[in-house]
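First comes the structure, then the notes that go with it.
Every number for a ligand or one of its atoms is a count from 1 in the order of the listing. Values below: every heavy atom of this structure, side chains too, minus hydrogens, waters and symmetry copies.
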Amino acid sequence: MSTKVEESQALIDELLEVYPEKTKKFRKKHFQIADEETIESGKCSIKSNIKSRPGVMTIRGCAYAGSKGVVWGPIKDMIHISHGPVGCGQYSWGTRRNYANGKLGINNFTAMQITSDFQERDIVFGGDKKLEALCREVKEMFPLAKGISIQSECPVGLIGDDIEAVGKKMTNELGIPVIPVRCEGFRGVSQSLGHHIANDTIRDHVMGTRELAESGPYDVAIIGDYNIGGDAWASRILLEEIGLRVIAQWSGDGSINELGITHKSKLNLIHCYRSMNYMATTLEEKYGIPWMEYNFFGPTKTIESLRAIAAHFDETIQENAERVIAKYQLEMDEIIQKYRPRLEGKKVMLIIGGLRARHTIGAYEDLGMKIVATGYEFAHKDDYEKTLSELHDGTILYDDPTAYDIEFLSDKLDIDLMGAGVKEKYVYHKLGIPFRQMHSWDYSGPYHGFDGFKVFAKDMDTAINSPVWDLLAAPY
Ligand code: ICE
C-alpha cells in the first residue's frame, strides 16, 4: 500500500468513527481508495445503487425527478404533466436549465409547469377523470403540442389510478401520443430508476415510430445530452464541423420526432451513459445501431473523443476532425496558458449525480487542478468501474455520501473547490469554501466542447480566486 493510499484510508477510518456500529459497517462499503492496482484493473468493490441509510442525509433525488426532470422534461414540443399534488412540479420547475429553441406555448413548452394539482378528493376518489379533463384542456390551450407525457407522482401509484387506460383513451381522442409514465417517486432508490422507466416508455411508445425523409451516411444522434446552459449546442456544432449530421438530440432541445427517427441513425453517441445506456443498447439490439461513449469536457477529452468518433467513419470525416482539432488547438492553449497558472495544484472535491463525477475530471486536469475525492449520488457498478481509470493513487471515491461525509472530507483534505449541487452550495459558501454547482453550472455554461471549456476555465478561476474569500471569517 502506498503512503497516499494509507493516508486516505486512515481518513476514511476516522470519518466512520462518528457513526454507530451498524451504520459504520454499512457506510464503510460505500468508500473505496483508488490504488495502482484498481486504477489499472477498474475493479470496484464499492457498494452502489442501494437504499440510502435511514437517518443520514442523502442528496439523492427520486424516480419522478429522473423521468420528468431529466429524460422527458427537455423534450420541448410536448406537454409534460406533473400528475399528482402540486409540489413536485412546482419545486422542480425550471431548475435544470435545459435550454431549448422555439416559441413558448407554440412549439416549446419546456419553461411551463403543468400539473393535475391533486386534492384530497382526488386521492380518495381517484384522479383519472381529472387527468382526462386536463389532457383535453391541454389540447385546447396548446393545439400545436405534439404529445403529452403523464409523469406520475407518488400518490398516483399508491391509490392505483389507471393512467395507462387514460393514455390510450386520450391518444385516440386527441390524436396525439399521450404517454403514461410510471415514475412514482417511491420507485427504486434514486432518480436512476426514473431514467430507466422513462427510457422504457420511449422504447414502448416512440422508438421507431417515425420516418426520416432522407438518410445519409453521416447521420448520428446525440444521446444523453440535456443541453444544460447550451451544452448540446456546443457539442453539436463540433460534430457538424467534422461533417456529421445530427438527426436527433436526446433530449436537450429535442423533439418527439427526433426520438421517433433515431433508429435511422448510423451511430449513436452517448454522453450521459448513466441515464440513457438503456436506449443505446435497445436501439442496438433492435435496429443494429452501434453506439459509443464520448466525453466533451475539457480539450484533452474533447480531442480524444472527436478522434474516436471520426474513427467510425471514412477518411473525409477523419481529416475533418484533425482540421477542426487544429483550428481550436491554439485557442485552447491560450485559455490554458491564461488560467492554468492561477489554478495549478488546486484541490477539488466532487459529488455529482451519475456521470459528471468522472466526466469532468479531465477538464479540471487540463487546468492543472487535482481531484482529491469524487463520487456519485446514484451511479451503478459500471459507472464506478469506468471512473477508476480517471483517478490517481490515493484518490477517495464515495457513493451516496452523507452531508457529514463530505463536510468531514472537505475539511480534512483542505480543498480549494467543491463541485456539487444546490443542496450543498450554501453550506460550503458558509464554510468559506469556493463552490461551483456542477449540475446546473450555476447560472453559467455551456461547459461542453471547446466553447464550453472557455466558460468552464473562467468560472473555476472566478470561484477560487475571488477576493471575497479573504474577507470572510466565520464568526464561530
Ligand atoms: Fe446524466 Mo443533476 Fe445528467 Fe448526470 Fe443525470 Fe442528474 Fe444532471 Fe447530474 C445528471 S442525466 S440532473 S449527466 S440525473 S447534473 S447522470 S445529477 S451527473
Are H380 and S48 close enough that a side-chain donor and a side-chain acceptor fall under 3.5 Å?
no

Going by the salt bridge (charged side-chain N to carboxylate O under 4.0 Å, His left out) test, which pairs reach into residues 267-287, not counting sequence neighbours?
R274-D382, R274-D383

Are K43 and E37 close enough for a salt bridge, meaning some N to O gap below 4.0 Å?
no

side-chain contact (heavy atoms from CB on, under 4.5 Å) partners of T95, counting only residues at least two apart
none

Protein residues near ligand 1, heavy-atom distance below 4.0 Å?
V70, R96, H195, Y226, C272, S275, I352, G353, G354, L355, R356, F378, H439

Can E293 and K386 be counted as an ion pair, charged N to O under 4.0 angstrom?
yes

Output every pair passing salt bridge (charged side-chain N to carboxylate O under 4.0 Å, His left out) with a member in residues 87-111, not counting sequence neighbours, ordered by first then second residue.
none

